[in-house]
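Computed over heavy atoms, backbone and side chain alike; hydrogens, waters and symmetry mates excluded. Bear in mind that the values here come from a model prediction, so they are computed numbers and not experimental data.
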Amino acid sequence: MGAQQSKNSPEAVAEAVAHEKAILDRLQSLKLGDDFVHVDNEKDNLFKGYVSRQPEKLAIDLTLDWQSKVLADPKNRLALSAFSSANPRDILASRTAKITDQQVFNIRIPFEGAPITNQRSSGRCWLFASTNIFRIALMKKYNLESFELSQAYLFFWDKLEKSNYFLENIIETADEPLDERLVQRLLADPISDGGQWDMVYNLVEKYGLVPQTLYPDSWNAMTSSTINYIIVAKLREYAMVLRRLANSTSTSSAALSTAKDKMMQEIHLVLTLTLGPPPSTTEDFEWNFLDKDGRARSVTSNPLRFAKAITSQEFCITNTTIASMVSLVHDPRHEPLSLLTVDRLGNIVGGRGITYINVDMATLKQACIAMLKAGLPVFFGSDVGKYSERGSGVMDLDIFDFRLGFNVDLYGSNLDKAARLRVGESAMTHAMVLTAVHVDAEGKSVRWRVQNSWGTDIGSDGWFVMSDRWMDEFVYQAVVDPRFLSKRVRDVPTQEPVVLPLWDPMGALA
């Protein structure tokens, strides 16, 4: 917003000058050593005025001066040579951090499941993380060395349900201007590959589960960009049609439903031809397999019954346990022990909504440790791209020395976890599974073992290790059994939730 001049009385001018001087004095008192203004809490420090100034052009002679100073430093000339021929992350990766973050843990679940899965070029991490948890009881039950549930099966139904969910939202918001922020947010990302734990619950509750051998990945499941391109284009076209119909006085509710059903039939066609026709939810399938003793076995079931059979005598996770699990989040923008939800975020009309219990990191970590001690894996969501080295599978705040290479700290005191969420610098981008933790003599966590879904060529044969400090800064969610929570935390879902807008960073889908 540009400064605007106005005519005022001498008294008003004098008052404005005094007000501006007070602001400048306040700004000066806030200056710290890094020459930036630090604001403790954005909500409590909104300035009622602003320093009057005109936009300034970037002066060419100034950039020339900067460049001469950069190149005058031998260290910068060395950095130029290195960074211009390689990825700066590779150059600045810390050998010390890689050595420190070993795959050694003193609390570990007894059975982690296998194999390491691979979501390939798709955003299905949440489906891989959840099915990697579900499979453990089934592997124990059927004495399996290696096993995967079909992620593509859930992916098919999720795409179809999200399309319906999107079109219903479009109809509900048809009276809003097309350029209204909510409508634009809906149109921007109609059917993301990503999802959340509550969305997994919705899918499994309605459609069940099947072994991967009965519905394996097609090329389009592994590389989802083309089907997304086709479906998103059609959904945006449908949105314009439905908005016109909904705003026409001659359109009946039945006519609107008929139009939407025809659209959904076309989406179903695209998904069927690209992912393959999925097994019926109610018809029996026959699953033939070899157990780890080499014995041929056969199971007859259907997807819904198979999903309800996630249980074994040796492993204490059941379908009931999974249904009761809750999502803890650490969102420092909001008070701990508050219930959060996101408006219009979901995948199945009439399904479970997305809810988060906001807690401090100590509570979240204590619950994760308790889960691991009980032999239970933990679904968690994080911003995986920050300070994460794919080759070694190390997630550590010290893994890249950006100050050494660029003379800057990537995150100074101006950009803490809450501020990163506010300005769009961080969000939940990826779901994985915790299977172990190393604690010190006082029982405090030091590092965590992470099962990823990027195949065995990434990390340590597919496994990652996460430092505890990295967890503090970039982990946002953990899904836990409520029996490991205090009564105060368990009571949070009885509150009225804080409803966040769809574009809030907590609406990001892992």
Side-chain angles (χ1 to χ4, degrees), residues 122-124 127 150 152-180 182-195 199 202-208 210 215 218-221 223-283 302-304 343-354 502 509:
S122 72
R124 300 175 292 161
L127 296 175
S150 174
Y153 176 76
L154 296 177
F155 191 57
F156 180 100
W157 293 117
D158 183 63
K159 286 295 184 188
L160 192 66
E161 289 283 359
K162 277 179 180 168
S163 296
N164 183 63
Y165 194 86
F166 167 78
L167 294 179
E168 289 293 343
N169 273 318
I170 288 298
I171 293 170
E172 287 186 12
T173 58
D175 59 339
E176 300 284 351
L178 184 61
D179 59 359
E180 197 270 337
L182 173 59
V183 178
Q184 286 296 305
R185 181 65 186 87
L186 290 169
L187 290 167
D189 192 16
I191 53 158
S192 166
D193 279 4
M199 294 183 182
N202 288 337
L203 292 170
V204 175
E205 181 73 8
K206 184 171 181 178
Y207 295 104
V210 299
Y215 193 70
S218 71
W219 185 90
N220 290 289
T223 309
S224 60
S225 56
T226 300
I227 58 171
N228 286 338
Y229 172 79
I230 295 169
I231 294 173
V232 167
K234 293 304 296 180
L235 288 176
R236 287 171 177 158
E237 177 192 352
Y238 298 156
M240 298 301 291
V241 173
L242 290 174
R243 282 175 61 86
R244 284 196 297 270
L245 289 173
N247 286 304
S248 171
T249 56
S250 63
T251 303
S252 66
S253 175
L256 201 56
S257 295
T258 299
K260 192 206 76 171
D261 288 346
K262 183 178 184 300
M263 295 168 181
M264 286 302 303
Q265 185 177 2
E266 291 181 349
I267 298 298
H268 182 271
L269 170 68
V270 173
L271 290 170
T272 301
L273 297 181
T274 54
L275 299 178
S280 166
T281 59
T282 56
E283 291 182 7
N302 66 42
L304 292 174
D343 184 39
R344 297 185 184 275
L345 184 66
N347 61 345
I348 294 183
V349 174
R352 178 192 286 185
I354 308 300
L502 186 59
L509 295 177

field: Derivation of the side chain to side chain contact (heavy atoms under 4.5 Å, CB included) call for Phe166 and Ile267
entry: CA-CA 12 Å; Phe166 167 78; Ile267 298 298; over 6 Å; no
- prompt: What are the two closest non-hydrogen atoms of Ser192 and Gly194, and how far apart are they?
  reply: OG-N, 2.9 Å
- prompt: What is the minimum heavy-atom distance between Gly208 and Leu304, and which atoms define it?
  reply: N-CD2, 3.6 Å
query: What residues, two or more places apart in sequence or in another chain, satisfy side chain to side chain donor-acceptor pair (under 3.5 Å) together with Arg352?
result: Asp198
query: Quick one: ring pair (Phe, Tyr, Trp, His ring centres under 6.0 Å) pairs with a partner in residues 239-266, sequence neighbours left out?
result: none
message: By the ring pair (Phe, Tyr, Trp, His ring centres under 6.0 Å) test, which pairs, at least two apart or in different chains, include something from residues 231-250?
response: none
- prompt: Passes side chain to side chain contact (heavy atoms under 4.5 Å, CB included), Leu182 versus Asn169? Steps please.
  reply: CA-CA 10 Å; Leu182 173 59; Asn169 273 318; over 6 Å; no
Side chain to side chain contact (heavy atoms under 4.5 Å, CB included) evaluation trace for Asn302 with Thr281: CA-CA 6 Å; Asn302 66 42; Thr281 59; over 6 Å; no
field: Residue list, ring-ring contact (aromatic ring centres under 6.0 Å, His included) with Phe156, at least two apart or on another chain
entry: His268
message: Test of understanding: with ring-ring contact (aromatic ring centres under 6.0 Å, His included), list the residues that count as partners of Tyr207, not counting sequence neighbours.
response: Trp157
Who pairs with [X] by side chain to side chain contact (heavy atoms under 4.5 Å, CB included), at least two apart in sequence or on another chain?
| X | result |
| --- | --- |
| Glu168 | Asn164, Ile171, Lys260, Val349 |
| Asp158 | Trp126, Lys162, Leu203, Asn347 |
| Ser218 | Asn220, Ala221, Leu275 |

- line: residues 264-283 vs salt bridge (charged side-chain N to carboxylate O under 4.0 Å, His left out), sequence neighbours excluded, gives Lys262-Glu266
task: Sorted by first residue and then second, give each salt bridge (charged side-chain N to carboxylate O under 4.0 Å, His left out) pair with at least one member in residues 229-239; sequence neighbours left out.
output: Lys234-Glu237
Straight-line distance of [X] [atom1] to [Y] [atom2], nearest 0.5 Å:
| X | Y | atom1 | atom2 | result |
| --- | --- | --- | --- | --- |
| Ile231 | Leu271 | CD1 | CG | 4.0 Å |
| Thr274 | Leu269 | OG1 | CG | 9.0 Å |
| Ile348 | Glu161 | CD1 | CD | 4.0 Å |

message: Check whether Ser150 reaches the backbone of Tyr215 with its side chain - one donor and one acceptor, N or O, closer than 3.5 Å.
response: yes
Residue pair Met199 / Leu509, side-chain heavy-atom distance below 4.5 Å: yes
query: Just wondering, do Ile170 and Leu235 contact through their side chains at under 4.5 Å, heavy atoms?
result: no
field: Pairs meeting criterion side chain to side chain donor-acceptor pair (under 3.5 Å) with involvement of residues 182-191, two or more places apart
entry: none
- request: Would you please test Tyr165 and Leu186 for side chain to side chain contact (heavy atoms under 4.5 Å, CB included) and show each step?
  value: CA-CA 10 Å; Tyr165 194 86; Leu186 290 169; over 6 Å; no
For residues 239-246, run the donor-acceptor check on the side chains, cut-off 3.5 Å, and write out each pair with its distance to 0.1 Å, sequence neighbours left out.
from: Arg243; atom 1: NH1; to: Thr173; atom 2: O; distance (Å): 3.4
from: Arg243; atom 1: NH1; to: Glu176; atom 2: O; distance (Å): 3.2
from: Arg243; atom 1: NH2; to: Glu176; atom 2: O; distance (Å): 2.8

